[in-house]
Amino acid sequence: MRFTRMGALSASGIAVLLAATVSMGCGPQQATQVSQAPASSTAELMKQRGLTEADVSAALQTYTPTGKKDTYLTFASGGHGGNMIVIGVPSMRILKYVGVFTPEPWQGYGYGDQSGQVLKMGSRFGKEMTWGDMHHPALSETAGDYDGKFVFVNDKANARIAVVDLHDFVTKQIITSQLIQSDHGATFVTPNTEYVIESSQYPAPLGGGYAPIEDFQEKYRGAVIFWKFDREKGKIDPSNSFAMELPPYMQDLADAGKLASEGWVFINSFNTEMSYGGTLEGRPPMESGASQNDMDYLHIIDLKKAEAVYKAGKTKKIAGMDVIMLETTNQEGLLHLLGEPKSPHGVDVTPDGKELVISGKLDTHGTVYVFEKIKGLIDAKKYIGKDQYGVPILPFEDSIRGQVEIGLGPLHTQYDDKGNAYTSVFIESTVAKWSLKDLKVIEKVKVHYNVGHIVAAEGDTVSPDGGYLIAMNKWALDRFNKVGPLLPQNFQLININSEPMQLLYDMPLPLGEPHYAQMIKADKLDPVDVYKPAGFDVVTDKPSPDAVKAKEERIEREGKHVHVYMTSVRSHFTPDIVRVKKGDTVHLHITNVEQAHDATHGFTIGSYNVHSSLEPGKHVDITFVADREGTFPFYCTEFCSALHLEMAGYLLVEPS
Ligand code: K7E
Ligand code: CUA
């Protein structure tokens, strides 16, 4: 389904639509159903609610009647919530929170064996993490276009990556390497999802050991990990993944080359001053120490070559990861640096892969780099010098096509289908639309307030759609009813096909601070309705060996271990009485044998902190020690049928 021109409605267009609405409103069904605050005409309704024609036009572009579906789905980071948020566009209806780095009670995510194991995979130094700072979702790609199969996300705080399978919107894997202690250039995928990119943000000794901060330049390092993705298995394969040591600059966002620049990876950095703070120790704070240089360094990595060097075994094992050390990198010519104006943040490859747009937080420009020029400089070994780690530096002036004067605090750039770029302007609270061809700003739209990332429809692929853009604003200030000092973020939907661009909708997002999102055509997704056959383990994506069939329910005791093979179906659990002795380990194996769409049950035992979501066909295992004697009702937590309240039973823990 190709997005068609939505355009701003002309005054006459609105009149036609209003007339249609009015005549619908006068239909016999409507007349009998409207009971309160009736408005005899849309004009009156507009007056009553103080709506302008622009408001009505915006409403008509987003209002989605019951049963109608959205054209796009947006996968947004849930920030500190550690969850991923799925939002329909243009309605801006939230469709799902997907539990990823954080236990999610509704989905029973983190409360049973299967999802508990997924969360455990993300343990760091033996400690289980129950939160994450999610920043950048990356949809899997085929030939540079979203293919709707997987989405990857990062946790900046704990340097983790998760894999969510879009055949059921469930997190299948969390992966982490103790090589790095935080990440930010993550996640970004290569055009056919061969690799998922994760680069560190804050330098630290590789592997996580201690080193005096005074040894920052000698002992601290950044790194980038190229996680190999096994599409068949739907999992990252650590044994075919590798990393590269990087200088101790603060590596920031990354992007993978595509088409003309396929096989290359670009990573920004700031703090090339290598300032490390120490305000009580007589040194400048990091924020000023890191803002001295006029230029920081774009890192340009030849991934094809790096992969060959890794395969040739020219690596060192650190924290279990094969790392190409800087010395090897320099010998093999895998990495080049290139100046980028003051405190850069976003690096965004253009749809044709020929250029890169980089914006500096402390620079008013967007700089357009030409990949062909960069490649030419690398091939000709035209350097202006090397940094103190021996990495060659390319000349800035010879690598760019020009700069566009955008405004105060440009951050992130997206693209449309007409050769335009859109850049978020943080300090100004605007989104600037500019022409890639002549590097001129066309117009700006005000957003509210302090916009971080923006996301346009398929706006970072080889074929952006245009049409919709969401500004992901950090501050909401006066936009919504007051809810105390902690405010939601504000997602603002903008029609970018209309001229001027039109702000359509404000959506408060009360969960963590989302950073990036990606917007995909809804018809590229085809998730399952139920798990087949019943008894499915949603983490291994295979039938569970402990699946339970109807009539095969049973309780088996092996010493102090009690295995309960249970089924759920409207409206009972079988068995409904479970007797154990205090001190027994209880292994619940529950299969929801339903195959009817949306016939989800939930399972909880009070006071044992047990909860599961049992979607149709799903199997869960729950293990716990019955360490308190007593009478514990268990029940279904989803209102599944008229006899839902009767869907209950008892766990009887007898004194031992
Ligand atoms: Cu600009 Cu983490 Cu992508 Cu936030 S980052 S805005
Ligand atoms: Cu099953 Cu309620």
Side-chain angles (χ1 to χ4, degrees), residues 76-80 106 108 132-138 153-157 159 182-188 197-202 250-255 267-270 343-348 358-361 409-414 423-427 429 431 447 449-455 460 470-475 489-491 509 512-518 566-574 576 590-594 596 598-604 611-616 618 620 633-649:
S77 140
H80 330 120
W106 168 49
D133 183 15
M134 190 187 288
H135 278 234
H136 306 107
V153 287
N154 76 308
D155 164 12
K156 167 171 164 163
S182 62
D183 70 29
H184 198 228
T187 52
F188 297 90
I197 301 164
E198 180 190 27
S199 59
S200 60
Q201 177 124 78
Y202 303 113
M250 291 181 180
Q251 280 77 25
D252 201 27
L253 290 175
D255 205 358
I267 308 174
N268 272 338
S269 68
F270 58 95
S343 290
H345 189 45
V347 47
D348 297 286
I358 292 174
S359 334
K361 305 188 290 282
L411 297 184
H412 300 287
T413 299
Q414 294 269 293
T423 301
S424 54
V425 196
F426 178 79
I427 298 172
S429 290
V431 173
V447 292
Y449 302 89
N450 293 3
V451 56
H453 277 272
I454 50 179
V455 54
D460 64 2
I470 298 170
M472 305 170 73
N473 305 304
K474 310 285 184 192
W475 287 28
Q489 336 297 322
N490 185 12
F491 276 20
L509 202 83
E513 181 195 286
H515 290 259
Y516 189 40
Q518 288 187 333
M566 183 183 276
T567 59
S568 65
V569 72
R570 278 160 290 171
S571 303
H572 52 271
F573 293 107
T574 309
D576 54 0
I590 313 174
T591 298
N592 180 3
V593 295
E594 304 255 11
D598 211 2
T600 294
H601 302 285
F603 179 86
T604 185
H611 186 244
S612 272
S613 170
L614 293 157
E615 295 99 278
K618 182 167 159 186
V620 298
F634 59 78
Y635 69 91
C636 171
T637 53
E638 287 267 343
F639 208 116
C640 52
S641 70
L643 294 174
H644 151 79
L645 294 175
E646 288 81 351
M647 191 165 175

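Just so you know, ligand 1 is whichever comes first in the structure, and atom 1 is the first atom listed for that ligand.
For the 3.5 Å distance criterion, the side chains of Ser571 and Ser641 qualify, holding a donor opposite an acceptor. Gln201 and Asp252 form a side-chain donor-acceptor contact under 3.5 Å, judged by distance and modelled atom types alone. A donor-acceptor contact closer than 3.5 angstrom links the side chains of Thr413 and Thr423.
At distances below 3.5 Å, at least one donor-acceptor pair connects side-chain atoms of Asn473 with backbone N or O atoms of Asn490. A donor-acceptor contact shorter than 3.5 Å links the side chain of Asp155 to the backbone of Asp133.
At a heavy-atom distance under 4.0 Å, no atom of Lys156 approaches ligand 1. The proximity of Met472 to ligand 1, defined as any non-hydrogen pair under 4.0 Å, does not occur for either the backbone or the side chain.
For a distance bound of 2.8 Å, the N, O or S atoms of His412 include one lying that close to atom 1 (Cu) of ligand 1. Contact annotation: His135 places no N, O or S atom under 2.8 Å from atom 1 (Cu) of ligand 1.
Within the 4.0 Å heavy-atom shell around ligand 1 one finds Lys474. Ligand 1 lies less than 4.0 angstrom from a heavy atom belonging to Leu253.
Among the candidates His515, His453, Gln518, the single residue satisfying the side chain to side chain donor-acceptor pair (under 3.5 Å) test with His136 is His453. Here the rule is side chain to side chain donor-acceptor pair (under 3.5 Å) with Glu513, and of Gln489, His135, Lys474 only Lys474 fits it.
At the top of the distance list for atom 4 (Cu) of ligand 1, counting protein heavy atoms only, stands His515 ND1, 2.0 Å.
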* Taking it one step at a time, do Met472 and Ser424 satisfy side chain to side chain contact (heavy atoms under 4.5 Å, CB included)? -> CA-CA 9 Å; Met472 305 170 73; Ser424 54; over 6 Å; no
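Comparing His345, Gln201, Lys361, Met134 against atom 1 (Cu) of ligand 1, the shortest heavy-atom distance belongs to His345.
The His136 neighbourhood of ligand 1 comprises atoms 2 (Cu), 3 (Cu), 5 (S), with distances under 4.0 Å to a heavy atom of that residue. Close approach of ligand 1 to Gly452 is summarised as follows: ligand atoms under 4.0 Å from at least one heavy atom of the residue are 6 (S). Each of the following atoms of ligand 1 lies closer than 4.0 Å to a heavy atom of His453: 1 (Cu), 3 (Cu), 5 (S), 6 (S).
Ala517 and Ala76 get closest at one heavy-atom pair: CB-CA, 3.7 Å. Scanning both residues, Gln251 and Ser199, for their nearest heavy atoms gives CB-OG, 4.5 Å.
Distances from atom 2 (Cu) of ligand 2 under 2.8 Å pick out these protein N/O/S atoms: Cys636 SG, Glu638 O, Cys640 SG, His644 ND1.
Other residues, nucleotides and ligands place more than 12 heavy atoms under 6.0 Å from the OH atom of Tyr449.
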